[in-house]
Amino acid sequence: MTLDFLGTLERSHKCGDLRSSHSGNTVTLMGWVNRRRDHGDLIFLDVRDRTGITQVVFDKSVSPEAHAKAEAARPEFVVAVTGAVRDRGEGLRNPKMLTGDIEVVGSELLLLNDAKTPPFPIADDAPITNEEIRLKYRYLDLRRPELQKNFALRHKVTRAIRDFLSDNSFLEIETPLLTRSTPEGARDYLVPSRVHPGHFYALPQSPQIFKQILMISGFDRYFQIARCFRDEDLRADRQPDFTQIDLETTFPQQSTIFRIVEGFLRAAFKAGGIDLPEVSFLQMTYDEAIAKYGIDKPDMRLPAMVDLSAELTAELRGTLKIDATLPVYGFTIPRVGALSGTQRRALVDEIRKGFGDCGLDFLDVARLRTNEAFMPLAEAIAAKLTAEQIVFCGENFTTDDLAVVITPKPGTPVAWNQDKQWIAKRVGGLRLELAKKYADKHKLFEQTGTAKDFRFLWVTDFPMYEWNEEHKAWDAAHHPFTSPHEEDIKSGALWNDKGSVRALAYDIVLNGTELGSGSIRIHRQDVQAEIFRTLGMSNEEAHERFGFFLDALEYGTPPHGGIALGLDRIVMILAGASSLREVIAFPKTAKAIDLMVDAPTPVSEAQMRELNLRIAHRS
RNA sequence: GGGGACGUAGCUCAGUUGGUUAGAGCGCUGCCCUGUCACGGCAGAGGUCGCGGGUUCGAGCCCCGUCGUCCCCGCCA
């Protein structure tokens, strides 16, 4: 087949443009052949570009040359077509197409390029389950309308955020990608220096220190759509390189940050076609989140766990053999519907099994009734129901809900707050597991366009430190530049009672997904030094690792704070996708491999020599 | 590092208790067709059953190992 040259031809419209108002116009469209329907002397070509699809009809009796070329055209051929727009007339319209009222009567067809038969169809909207082949042929996958839509959405959302922040006097400033290893929690991606043998740059896990320096430099408000890199194992919502909306401002209250984030999220969601109500997001402290949901990123679409201690009289505790000191958790999974006796027993077994290996043997109580009346826990116990038969009646409890009551095995020592939190986390984990298991039934997680249920939540007052049992040392719960509460500094707790110190750190959570995390930072050198000390970093070590930053703190550092949000996750949620790979153009597999370019790869001996590197082959 | 699911035609999948020549739909190729739009009709091509080993008279199916993709735990301030 001979291909045609483009010559000086330009397109007059895009494939999604034409309406019946264009009837009579002569137009030139360019794009890909989406489908061909060959009726012999009459051939239909659907021509596709990013904007849509237009039907072009070739009639042998009208334009025999163009018709002959249309016969040769195949899906994904690149064509330029010139012809008159014609209203299709009654009975021939296609209401499923935006351009379905018209067609182009092809008088000239240029075959600009041919195409091999693609490994999977581009025109179908049928899902392709083989991700390996999608990623290998990513350029074809991206050509599919579904992904085209996702990236148009991503652009709109990014733009809305950029506009909002710009309008609120944030300056977009870039920070280096080749930088030094910083103290954040994740593993660094390292880049060897050719000029300095044995020295390495690190790719930033976030622009954290740079943005604080920018505050010290007096830029007042900074933001960046920043690429970040973390060498940790992947998940559906985690890629090794990802994008954050990173921002920082001077002289903020925590509420200042909240207002800004709520503002741009509202703008971002609006760009995604969703109007969020003009009310502030809910707020909850970390301790409350753990106590009520057993997790630091509660999914507010599900009801909280309930502390049933109050329902248990001493007598009832005796009957159930529950120590007076033990917490009793009740929770419901809404609208699970009927479970058979067999299903219920299997569930009880499963819960038992799930808790069997964690050092705590939980008294499990799970029962669902759809047609029977419920009785309160106390009555149930009085009626001498066995543990498995007891029904928990919580608030807003309907007959379709699944109720679960859990308490640790009698005699379990619950010594201090962290024990209680540990138990709450276990129970909260079960709660989430069950919610996922019955997700189809209870419909709470259904994601249907604008009808989605978006429950934003600020989680505040994270602990400043977490005790690391393995290393017998304190770790920074957020990062070491996070400011403690002023009261906890004034009270002396910062020095005397490290476990109780609260951080001015906050997470923004949406439907159980952590969208972002931030804090008010330390602006005083003395406080910063104390934090480093507590984290087990000597003065020398602190100065070696970020002397430049400690120095900067001494030249008039204003109070400042900020946050970073995962752009990929935001777009993923707005796109209704279940994986980041649907909203990242060139994503990596679960083993961090790019199947299209085939990265990473070994490099040549010469490159290695130049970098003064040698591979140590471990046996 | 650990647990789980999957791997059969280009794609989506079926394949019985281990039994002759491994199937379907879509796609692809050729021919026919002037109103289709998931066009239709006829004919056809297309397979290292991921890979390696084992058991067996006989393996897509059973066993061992290995590779790949996905999901989860650990990890990710």
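All values below were derived from every heavy atom in this structure, side-chain atoms included, with hydrogens, water molecules and symmetry-related copies excluded. Lettering follows sequence order; numbering is per chain, from 1.
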- Remember a base hit wins even if backbone is also touched, and classify Arg48(A) as base, sugar-phosphate or nothing at under 4.0 Å, heavy atoms. nothing
- Message: At 4.0 Å (heavy atoms only), tell me whether Asp59(A) reaches a base, stays on the sugar-phosphate, or touches nothing.
- Response: base
- Task: Name the nucleic acid region contacted by Gln55(A), choosing base, sugar-phosphate or nothing; use a 4.0 angstrom heavy-atom cut-off, strictly under.
- Result: base
- Name of the residue among Thr175(A), Thr249(A), Asp246(A) meeting side chain to side chain donor-acceptor pair (under 3.5 Å) with Tyr222(A): Asp246(A)
- Query: Say you pick atom P in C57(B) and the same atom in G18(B); how far apart are they, in whole Å?
  - Reply: 16 Å
- Is Lys591(A) touching bases, backbone alone, or none of the nucleic acid, heavy atoms closer than 4.0 Å? sugar-phosphate
- Quick one: label Arg581(A) by what it contacts on the DNA or RNA (base, sugar-phosphate, nothing), any heavy atom closer than 4.0 Å. sugar-phosphate
- Query: Could a donor-acceptor pair under 3.5 angstrom be found where the side chain of Asp38(A) meets the base of C33(B)?
  - Reply: yes
- Query: Between atom CD1 in Ile133(A) and atom P in C13(B), what is the gap in whole Å?
  - Reply: 13 Å
- Message: Considering every strand and a 4.0 Å limit on heavy-atom distances, what is the contact class for Arg74(A): base, sugar-phosphate, or nothing?
- Response: sugar-phosphate
- Query: CG of Asp41(A) versus P of C32(B): gap in Å, rounded?
  - Reply: 10 Å
- Distance below 4.0 Å between Arg134(A) side-chain N/O and C11(B) OP1 or OP2: no
- Query: When you check the phosphate oxygens OP1 and OP2 of A38(B), does a side-chain N or O of Lys96(A) lie under 4.0 Å from one of them?
  - Reply: yes
- Atom C1', compared across G27(B) and C70(B): separation rounded to whole Å: 25 Å
- Query: On a whole-Å scale, what distance lies between the C1' atoms belonging to C28(B) and G47(B)?
  - Reply: 15 Å
- Base-pairing mate for U66(B) - Watson-Crick or G-U, with both contacts under 3.5 Å: G50(B)
- For residues Phe532(A) and Phe546(A), establish whether the separation of their ring centroids is below 6.0 Å. yes
- C1' atom, G7(B) versus G44(B): distance in rounded Å? 29 Å
- Item | 5′-ward residue of the pair Asn94(A)/Leu135(A) relative to RNA chain B | Asn94(A)
